[in-house]
Amino acid sequence: MTPQADRRIAETTQPDWQSLPSPVLVLTPRGEASAVNTAFGDFTGLGPEAARGSGWRAVLSPEALAPLLQALAAKRDFSLQLALNRIGAAAGPSWADCSARWLPVAERYLCQLHDVSAVRMAEAGAREQAQQLRLVANNVPALIALYAADDDRCLFANAGYAQTFGLTEQSILGRTFEQIIGVEAARLIRPYVDQVR
């Protein structure tokens, strides 16, 4: 398409997406931006002119580029999570869910981004806390395990507990109490487990 066609697409679609509060960009199958809305600039710190062409890739993390280009080449709707490195006042790593609609007549994608940075950071924080808990649990002189009350399946076990039964911290997960300690041992302590419930 010609630059005039790019401008015509941007002008004819502008009322539909330019005022949206979420970041929007119009991409070619090669990953070049023919237009972005104001919210895209606010979110990324990259102005509309700087974002045109391949300029918008300045905020795209290198590992996100290959999957994005592959999805764009298919010329059909897709959803993909993108890792970004915002600049300016909003500088820093962030993540956005990208929902892309293929517009066959224009031979362009209309892409809407949804900021999921807070969710990704919360997930990372939860993983870090889980790792710290596992570190503590594996370094106390006690056998620790957590079972689901409804079906007796192991949800967590420290290394000492798992090794006592010839298992690993991963292989013990999902097994029932009876599968781990044996039928006879489970029968003996079942009344105490029921009492705790």
Item checked: Tyr147 ring center near Phe156 ring center (under 6.0 Å) -> no
Are Arg86 and Asp42 ion-paired here, with the side-chain N under 4.0 Å from a carboxylate O? no
Rounding to 0.5 Å, atoms CG (Leu110) and CZ (Arg108) come to a distance of 12.0 Å
Closest non-hydrogen atoms of Ala35 and Arg52, given as atom of the first, atom of the second and distance, are CA-NH1, 4.1 Å
When rounded to the nearest 0.5 Å, the distance separating CG of Leu84 from SG of Cys98 is 9.5 Å
Arg76 atom CZ: more than 12 heavy-atom contacts under 6.0 Å | no
d(Leu65 CG, Arg57 CZ) to nearest 0.5 Å is 5.0 Å
**Study point:** Neighbour count >12 (heavy atoms, 6.0 Å) for atom CD, Gln195
**Key:** no
- Message: Does atom CD (Gln81) have a neighbourhood of more than 12 heavy atoms from anything else shown, all under 6.0 Å?
- Response: yes
- Do Val140 and Tyr161 share a hydrophobic cluster, counting only Ile, Leu, Val, Met, Phe, Trp and Tyr and linking them when any side-chain heavy atoms are less than 4.5 Å apart? no
Are any of the side-chain heavy atoms of Pro23 and Val36 separated by less than 4.5 Å?
no
Looking at Ile144, is its backbone amide N or carbonyl O close enough to the side chain of Asn158 to form a donor-acceptor pair, meaning the two atoms are under 3.5 Å apart? yes
d(Cys111 SG, Leu27 CG) to nearest 0.5 Å is 4.0 Å
Next on the checklist: Quick check on the hydrophobic clustering: are Phe165 and Leu155 connected, directly or via other members, by side-chain heavy-atom contacts under 4.5 Å?
Outcome noted: no
Practice item. Establish, from distance only, whether the side-chain atoms of Gln112 and Ser99 form a donor-acceptor pair under 3.5 Å. Key: no
Interatomic distance, CD@Glu107 vs OG@Ser34, rounded to 0.5 Å, equals 11.5 Å
Quiz item: When you check the side-chain N and O atoms of Glu178 and Thr176, is any donor under 3.5 Å from an acceptor?
Solution: no
Keeping the roles fixed (side chain from Asn37, backbone from Val24), state whether a donor-acceptor pair exists under 3.5 Å.
yes
Between the CG atom in Leu103 and the OH atom in Tyr109, the distance rounded to the nearest 0.5 Å is 10.0 Å
